[in-house]
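These figures come from a predicted structure and were not determined experimentally. Counting starts at 1 for both ligands and their atoms, following the listed order.
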Amino acid sequence: MRVPGYRDTPPRPWDTTADVDPGEAADFLRRCYAENPKFGPVGPRLAVVAAQLAATGTYTHTPDELAYGAKLAWRNASRCIGRLYWRSLVVLDRRRAHTADDIFSLLVTHLRIAGGHRPIGDGRIGEATRPGHIRPVISIFAPAVPGRPYARVHNEQLIRYAGHDSAGGVVGDPRYVEFTARMRAYGWQSTGAPYEVLPLAIETPAEGVRLYRLPADAVLEVPIRHPEYDWFAELELRWHAVPAIANMRLTVGGVHYPLAPFSGWYMGTEIGARNLADADRYNLLPEVARRLDLDTTRESTLWRDRALVELNRAVLWSFESAGVRIADHHTESDRFLRHLANEERVGRPTPADWTWIVPPMSGGLTGVFHRYYDEADQRPNFYLDEEARHLGRYGTPPPGCPAHRPAGGAEPAAAPAAAPAETSAPASRRAGTAPAARPGVPAAEGAPALSARIAPPVRRRPTYAGDAREPGP
Ligand code: ARG
């Protein structure tokens, strides 16, 4: 059996011109109201939605439906081991924001809330500011209107580190070498440091692509040290505290939300056994093994495994010492098994992808290894479209992608001001000054905007990495 979204079977493609599927809308509403008696009877709501669908081809979720739909999408996310807490998702309804400045400002707020730097607001009372107290958050921007262009963020995650090719190899995160080059071509000025946060590339139909620097207080980071080995600090490793996936499409009841970044807290192995360890990422095991004075001449000394354990201890210990929420893989495995039991008790299947759920180290030591799971593509859910995937890796749409519309249809009439004059971008993409404040647009929180017009797609064959497990669970 081949289930869309599992292994090599692509998810069902998104037809951006199609009207909302009335069956999917009704299925969602029935489930939503059945699981939430306080929402009242579903009958009258179904009638209202049917009328909206007939008249416009789409319909508008109530705030309650939207919030519950986002939680269901998390509950259905078959690759996520962290689903025990699906009810606790903080849902920020951002459907009214349309300009790049407004979107950026709200993404900054997302990161501050997710990192515990800021009370949740939005009407909730009693939330305190506790930096490091990571909370799962989703910001949901305007749904796509069938046949119309929509806003999106090109980055894979809101916080990621740049990567640069250099004579001595890649400096920074090799995963983002192409994306980084594209940001520089847009006029982003990079320092070339190994853990330099990439700018956000926000695209709106009216403004094209604009780049924004995240303010420092939106990016909580943890320097990595080891509980016993003092030399570990000399490696000057660090990682960001909030993983925030920015390029997946949220689908709720047939309505598509192409911009709905969501974040949780890290499981240590995502950083220690993938981001910092993978040979095509920061590739630190050889260096850690050398410092540990391990025999690396033969695989059978298990030097990789020994270095991996120390690297992962360092990650967990550093986050814990810094008061930043993180979980080890044994704990997350136990929680996931509890989640499965909870769901079974209320008679719901839990779709799960073994290849993503089992942690990338010590798999057999965790309970999640020793069983099989239901495989199903249940909606609401999150999907990674091919175009979004390509933009996230390369900063450009896939070659020959007909769906991709450059800014505002063609070249924007009044091009948003481009990068600062000292930019390294070609003169054609340089316009000189910073954008003049436009009436009615609140200043983006924190940082100045860099701006860029989208360049024509680069005509070259992308290297499809085809990694079966893209960014770890
Ligand atoms: N594995 C990805 C990373 O290292 C993050 C994926 C989401 N993870 C999470 N804990 N919510 O950045």
Determine, considering heavy atoms only, which of Glu270, Glu156, Glu332, Arg79 sits nearest to atom 1 (N) of ligand 1.
-> Glu270
Ignoring hydrogens, just give me the one of Trp74, Tyr266, Trp265 whose non-hydrogen atom is nearest atom 12 (O) of ligand 1.
-> Tyr266
Pairing residues for Arg96 by the side chain to side chain contact (heavy atoms under 4.5 Å, CB included) criterion, not counting sequence neighbours |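 Partners of Arg96 under the side chain to side chain contact (heavy atoms under 4.5 Å, CB included) test: none.
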With under 30° as parallel and over 60° as perpendicular, where do the rings of Trp14 and His256 fit, or are they tilted in between?
-> tilted
Should the pair Phe262 and Phe382 be assigned to parallel (<30°), tilted (30 to 60°) or perpendicular (>60°) ring geometry?
-> tilted
Below 4.0 angstrom from a heavy atom of Asn275, which ligand 1 atoms are there? Numbered from 1 as shown, please.
->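 Answer for ligand 1: 3 (C), 4 (O), 12 (O).
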Has Arg160 got any heavy atom lying under 4.0 angstrom from an atom of ligand 1?
-> yes
Taking distance alone, with no angle check, do Gln157 and ligand 1 share an N/O pair under 3.5 Å?
->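 Among all N and O atoms of Gln157, at least one is under 3.5 Å from an N or O of ligand 1.
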Does Arg2 count as lying over the ring of Tyr6, i.e. NZ or CZ under 6.0 Å from the six-ring centre, within 45 degrees of the axis?
-> no
Would a distance-only check, ignoring hydrogens and angles, find a side-chain to backbone donor-acceptor pair under 3.5 Å from Arg325 to Arg135?
-> no
